[in-house]
Asker: 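First the structure, then my questions, so here it is.
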There are 2 protein chains.
Amino acid sequence: MSTPRHRTAPEHTHPDDVPVLTALAALADPVRLTLVRELAGSPEWSRACGTFDVPVGKAGLSHHFAVLRAAGLVEQRDEGPRRVNRLRRTEFDARFPGLLELVLRAGS
Amino acid sequence: MSTPRHRTAPEHTHPDDVPVLTALAALADPVRLTLVRELAGSPEWSRACGTFDVPVGKAGLSHHFAVLRAAGLVEQRDEGPRRVNRLRRTEFDARFPGLLELVLRAGS
DNA sequence: CCTACTGTTCAACGAAAATCGAACACTCGC
DNA sequence: GCGAGTGTTCGATTTTCGTTGAACAGTAGG
């Protein structure tokens with residue numbers, strides 16, 4: 001009877017519908033920046049949420065991925081028990097040209 | 001004896017010494033984004049701090065300009081009783097290519 | 001000198017965001 | 001069906017950040 005909370009398709013926001021402030025705020029966090037960078041260095045759909053080396057618990061991690069989804073930065077798909085991720089490189093680049101490349105390149 | 005708090009040259013940080021996170025965080029605020037945009041549409045050194053149309057008091061404004069300075073986005077100079085501003089376009093662009101252009105162009 | 005004006009500093013408040021622990025839901029392999 | 005593994009949700013706490021009002025410092029003009 002009760003609505004299932006998990007296993008319902010994750011809500012995605014297309015980069016085209018993302019305000020600049022949302023995109024900047026999403027990237028202006030050390031944990032999320034790490035996620036994006038680590039994701040950029042891995043093949044698409046190869047990394048589940050739990051496979052990232054960040055100093056936060058599962059709850060926090062889930063929250064950060066929700067923010068990244070809402071910012072149009074990450075796409076998720078359910079693959080068995082795990083949720084695998086993909087960086088929306090081209091789509092995000094079309095909306096904010098150079099931004100992704102910038103945060104990936106900049107050393108510190 | 002006590003150190004004067006005002007009229008001491010404002011502390012500036014060169015864009016080259018600014019971490020990406022600092023730059024992003026500085027731009028990820030509606031008030032500061034307005035300041036940067038309004039500043040970009042005005043000739044250099046033409047705008048004093050008080051001449052910006054933002055919904056915050058003097059204290060808040062002073063704080064936001066301090067953040068922008070620390071992010072290497074704005075340079076300030078004392079001109080009589082007022083403090084005039086300049087957007088560090090080229091210098092900031094050299095450190096973060098495309099970022100400024102991006103936030104200035106993006107409509108929302 | 002006294003006043004008006006501009007901007008900074010301080011202390012305090014409030015709101016937003018990150019974080020954590022626990023409970024829950026789902027999938028898969030045994 | 002059980003149990004392990006994965007991720008989400010909730011509630012509560014903590015921290016961070018923006019905001020304000022008042023006091024202060026400096027400048028310019030009458």
Side-chain angles (χ1 to χ4, degrees), chain A residues 1-12 19 21-36 39 45-71 74-86, chain B residues 1-12 19 21-36 39 45-71 74-86:
Chain A
M1 282 318 288
S2 62
T3 323
R5 296 179 297 177
H6 193 6
R7 257 346 67 155
T8 128
E11 291 181 13
H12 288 105
L21 272 172
T22 307
L24 293 174
L27 292 170
D29 176 274
V31 175
R32 288 192 291 264
L33 196 48
T34 301
L35 294 178
V36 167
L39 210 44
W45 308 122
S46 70
R47 307 284 304 268
C49 295
T51 69
F52 293 85
D53 188 22
V54 284
V56 292
K58 308 189 300 178
L61 199 59
S62 186
H63 164 63
H64 284 300
F65 272 109
V67 174
L68 291 177
R69 263 181 350 235
V74 163
E75 189 179 354
Q76 297 186 313
R77 175 204 298 172
D78 284 339
E79 199 162 282
R82 55 185 129 266
R83 185 159 280 190
V84 289
N85 303 277
R86 169 184 98 86
Chain B
M1 282 316 315
S2 62
T3 325
R5 296 178 298 177
H6 193 6
R7 262 337 75 151
T8 128
E11 291 180 15
H12 288 105
L21 271 172
T22 306
L24 293 174
L27 292 170
D29 174 275
V31 175
R32 288 192 291 265
L33 197 47
T34 301
L35 294 178
V36 168
L39 211 44
W45 309 119
S46 70
R47 307 284 304 267
C49 297
T51 69
F52 293 85
D53 189 21
V54 284
V56 293
K58 309 188 298 177
L61 238 186
S62 187
H63 164 64
H64 284 301
F65 272 108
V67 174
L68 290 177
R69 266 186 340 244
V74 162
E75 188 179 355
Q76 296 186 313
R77 173 206 299 173
D78 284 341
E79 198 162 282
R82 54 185 124 269
R83 185 159 280 190
V84 289
N85 304 277
R86 169 184 99 86

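Remember, it's a predicted structure, so these values are computed and weren't measured experimentally. When reading the values below, keep in mind they use all heavy atoms of this one structure, side chains included, and skip hydrogens, waters and symmetry mates.
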Asker: Report the residues that fulfil side-chain hydrogen bond (donor to acceptor under 3.5 Å, both in side chains) with A:Arg86, sequence neighbours left out, ordered by chain and then residue number.
Answerer: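 By the side-chain hydrogen bond (donor to acceptor under 3.5 Å, both in side chains) rule, A:Arg86 matches A:Glu44, A:Glu75, A:Glu91.
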
Asker: With a cut-off of 3.5 Å and sequence neighbours excluded, list every side-chain donor-acceptor pair involving residues 46-61 of chain B.
Answerer:
| residue | atom | partner | partner atom | Å |
| --- | --- | --- | --- | --- |
| B:Ser46 | OG | B:Pro43 | O | 2.6 |
| B:Arg47 | NE | B:Thr51 | OG1 | 3.1 |
| B:Arg47 | NH1 | B:Ser42 | OG | 2.9 |
| B:Arg47 | NH2 | B:Glu38 | OE2 | 3.1 |
| B:Arg47 | NH2 | B:Thr51 | O | 2.6 |
| B:Thr51 | OG1 | B:Ala48 | O | 2.7 |

Asker: From the list C:dT19, C:dT8, C:dG7, which nucleotide is the closest neighbour of the side chain of A:His64?
Answerer: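 For A:His64, the side-chain atoms sit closest to C:dT19.
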
Asker: Among residues 45-58 of chain A, which contact DNA chain C at a heavy-atom distance under 4.0 Å?
Answerer: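 Result for residues 45-58 of chain A: A:Val56, A:Gly57, sorted by number.
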
Asker: Do you know the tightest heavy-atom contact between B:Phe65 and B:Val74?
Answerer: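 Between these two residues, the closest heavy atoms are CD2-CG1, 4.3 Å.
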
Asker: Let me know the distance between CG of A:Leu27 and C1' of C:dA18, rounded to the nearest Å.
Answerer: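 After rounding, the reported distance stands at 17 Å.
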
Asker: Would you list the protein and nucleotides 13-17 of chain C atom pairs, both N or O, that sit under 3.5 Å from each other?
Answerer:
none

Asker: Just compare D:dT8, C:dT19, D:dT27 and give me whichever is closest to any side-chain atom of B:Pro81.
Answerer: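 Of all the options, the side chain of B:Pro81 is nearest to D:dT27.
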
Asker: Could you tell me which non-hydrogen atom of B:Arg69 sits nearest to which non-hydrogen atom of B:Glu11, and how far apart they are?
Answerer: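 Smallest heavy-atom distance, with atoms named: NE-O, 3.3 Å.
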
Asker: State which residues pass side-chain hydrogen bond (donor to acceptor under 3.5 Å, both in side chains) with A:His63; sequence neighbours excluded, sorted by chain then number.
Answerer: none

Asker: Restricting both atoms to N or O, compile the protein contacts to nucleotides 11-14 of chain D shorter than 3.5 Å, with distance only.
Answerer:
none

Asker: Expressed in angstrom and rounded to an integer, what is the separation of B:Phe65 atom CZ from D:dG18 atom P?
Answerer: 15 Å

Asker: Give the rounded distance in Å between these two atoms: CG of B:Leu61 and P of D:dG18.
Answerer: 13 Å

Asker: Measure from CZ on A:Arg77 to P on D:dT6 and round the result to the nearest Å.
Answerer: 19 Å

Asker: Could you go through residues 21-31 of chain A and list every donor-acceptor pair under 3.5 Å that involves a side-chain atom there, pairing it with any protein atom two or more places apart or in another chain?
Answerer:
| residue | atom | partner | partner atom | Å |
| --- | --- | --- | --- | --- |
| A:Asp29 | OD1 | A:Val31 | N | 2.9 |
| A:Asp29 | OD1 | A:Arg32 | N | 3.0 |

Asker: Rounded to whole angstroms, how far apart are CD on B:Gln76 and C1' on C:dT6?
Answerer: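 Roughly 12 Å, once rounded to whole Å.
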
Asker: Over all heavy atoms of both residues, which pair between A:Gln76 and A:Asn85 is shortest? Give the atoms and the distance, please.
Answerer: NE2-OD1, 2.8 Å

Asker: Taking 4.0 Å as the cut-off, does a side-chain nitrogen or oxygen of B:Arg82 come that near to OP1 or OP2 on D:dT27?
Answerer: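 Answer no for this pair, as no side-chain N or O of B:Arg82 is under 4.0 Å from OP1 or OP2.
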
